[in-house]
There are 2 protein chains.
Amino acid sequence: MTAPMKPGQRVLFALRKMIVSGEIPDGARIAEIATAERFGVSRMPVRTALRTLEQEGLVAKLGRRGYAARGVTPAQIDDAIEVRGVLEGLAVRLIASRPIAPGFARKLKAVLAEGDALFAGDGFAPEHVDRFYSYNLAFHDLLLDASGNRAIGVALARNNHLPLASAAALALDWDDLANAREHLKAAHEEHLAVADAMLSGRADDAEQRMRRHARAALNPGVMPLVGPV
Amino acid sequence: MTAPMKPGQRVLFALRKMIVSGEIPDGARIAEIATAERFGVSRMPVRTALRTLEQEGLVAKLGRRGYAARGVTPAQIDDAIEVRGVLEGLAVRLIASRPIAPGFARKLKAVLAEGDALFAGDGFAPEHVDRFYSYNLAFHDLLLDASGNRAIGVALARNNHLPLASAAALALDWDDLANAREHLKAAHEEHLAVADAMLSGRADDAEQRMRRHARAALNPGVMPLVGPV
DNA sequence: ATGCTCGTTATTGGATCCAATAATGCAGTT
DNA sequence: AACTGCATTATTGGATCCAATAACGAGCAT
């Protein structure tokens with residue numbers, strides 16, 4: 001699928017991927033002209049892409065000498081995951097410390113029911129992973145929305161650009177679907193526990209569980225399923 | 001001081017100010033051409049500025065109809081302050097839960113000594129406010145740096161663009177310097193308490209105190225001292 | 001009279017061109 | 001031979017021009 005993507009988006013995604021993958025090594029200078037020629041586009045999309053990447057922290061401005069790539073180390077991903085846990089923890093804390101809106105409770109139950117259905121049987125196919133992906137995303141989005149604090153989502157926006165740092169990134173072993181099922185089932189049970197804590201008004205508990213949930217998302221040495229970043 | 005600022009920066013700052021001040025009302029459409037003509041510049045600086053403001057959450061893209069301003073409500077500022085508290089709370093938690101580096105302890109004591117010196121006497125002049133501003137900034141920057149987690153600083157970058165949401169924004173009553181002194185002295189004592197908790201390895205305590213410290217920064221109905229945003 | 005379609009127009013995104021600026025290399029001098 | 005000053009050049013930021021696209025309105029047909 002050679003998607004006829006617009007030049008701007010294409011350059012942005014390509015540069016982002018090249019930086020996080022290490023194809024552009026840490027500290028390498030990125031010049032507008034050279035990059036533009038490399039992609040066969042004008043300097044303009046490169047410029048806007050570099051501005052965006054600067055906001056995301058993936059490149060650093062170098063005075064008049066252009067930009068420099070900032071390599072993404074595993075430690076930085078860990079850092080971003082920790083930040084995500086803290087921010088999502090704040091979201092659930094806010095929800096739990098206020099009266100639960102009926103609409104929210106209903107939507108939450110509906111989302112969790114998707115997860116329940118996923119693990120009702122014993123089987124697990126790649127298709128289930130896709131469904132979990134949707135369910136997982138819906139769960140986290142719902143919490144972010146229900147928190148009523150838009151600043152959380154704004155602050156989180158950057159982390160989602162780092163691989164494995166967003167809630168949409170599932171780390172699992174594709175060669176061992178049974179193991180993957182256990183992994184995702186554990187995540188679903190953490191969701192249930194967080195939901196229970198929220199609905200019971202146990203704000204501290206909900207926050208703690210959400211933080212641990214974020215940290216548990218990263219397993220070393222597994223294949224990531226990356227969604228739209 | 002009609003600073004001969006570059007067009008890009010000028011447009012960015014002006015638009016940001018107009019949005020947060022409400023001069024551009026919430027939901028108002030911002031078209032590139034009209035804005036460019038209004039500032040007497042090309043469309044290019046407006047474009048880059050709008051991109052940046054979009055990243056900051058101050059404008060929202062509106063499909064093909066340009067951008068729309070997102071008014072900043074007091075509730076949103078509260079939200080941002082809460083996010084700041086959580087993120088800075090994470091920073092001090094990380095510091096407290098690791099062995100304290102000797103260099104950090106030394107720098108921390110040096111910074112806190114500035115605060116001690118400020119409140120050693122009884123007097124308080126506007127000049128003291130400036131000194132507190134520097135001291136306060138140094139304290140928060142030091143924590144961010146010592147946390148070793150760059151993602152925190154990246155996530156915090158946006159909040160600093162909202163008035164009163166950054167740690168560099170002091171809210172105090174200029175007409176009542178004695179009251180201001182008490183206000184800032186209380187902040188300094190919170191710093192001391194956080195520092196003590198960190199150096200003693202009381203991670204939970206340090207985090208809780210930092211969160212409260214952030215929330216205490218906002219007083220209703222006072223004049224803000226806004227620093228460089 | 002109303003709904004559909006086609007043409008016009010307004011607006012964004014991209015490309016090319018121009019100006020300003022700082023880094024670099026060369027030459028001249030001490 | 002080394003240092004300093006100047007000129008050249010490379011590179012970013014801004015302005016203008018062009019293309020694509022979608023909203024809007026008018027006109028026609030039913």
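Side chains are part of it too, since the values below use all heavy atoms of this structure and drop only hydrogens, waters and symmetry mates. Here is how names work: the chains are called A, B, and so on, in the same order as the sequence lines, proteins then strands, and each is numbered from 1.
- Shortest non-hydrogen contact noted between A:D26 and A:R70 is OD2-C, 3.5 Å.
- At the heavy-atom level, B:R65 lies under 4.0 Å from the strands shown only through sugar-phosphate atoms.
- A:H140 meets the ring-ring contact (aromatic ring centres under 6.0 Å, His included) test with A:H191, A:H213; sequence neighbours excluded.
- The ring-ring contact (aromatic ring centres under 6.0 Å, His included) check on A:Y67 picks up nothing, with sequence neighbours excluded.
- Atom CZ of B:R98 sits in a crowded spot, with more than 12 heavy atoms from other residues, nucleotides or ligands closer than 6.0 Å.
- Applying the ring-ring contact (aromatic ring centres under 6.0 Å, His included) rule to A:H188 yields the partners A:F119, A:Y135; only residues at least two apart in sequence or on another chain are considered.
- Scanning DNA chain C 5' to 3' for nucleotides with an atom closer than 4.0 angstrom to a non-hydrogen atom of chain A gives a first and last hit of C:dG14 to C:dA23.
- Counting heavy atoms from C-beta on, the side chains of A:L143 and A:M198 come closer than 4.5 Å.
- For the pair A:L142 and A:F104, the minimum side-chain heavy-atom distance is below 4.5 Å.
- Of the two residues near DNA chain D, A:R64 and A:M44, the one whose nearest nucleotide lies more 5' is A:R64.
- When side chains are defined from C-beta on, A:L94 counts as touching A:I152, because their heavy atoms get closer than 4.5 Å.
- Against DNA chain D, the stretch residues 27-36 of chain A makes heavy-atom approaches under 4.0 Å through A:A31, A:E32, A:I33.
- Pairing each heavy atom of B:Q55 with each of A:V154, the nearest pair is O-CG1, 4.4 Å.
- Using a 4.0 Å cut-off on heavy atoms, none of the residues of residues 50-61 of chain B approach DNA chain D.
- In this structure, CZ on B:R47 lies 12.0 Å from CZ on A:R51, to the nearest 0.5 angstrom.
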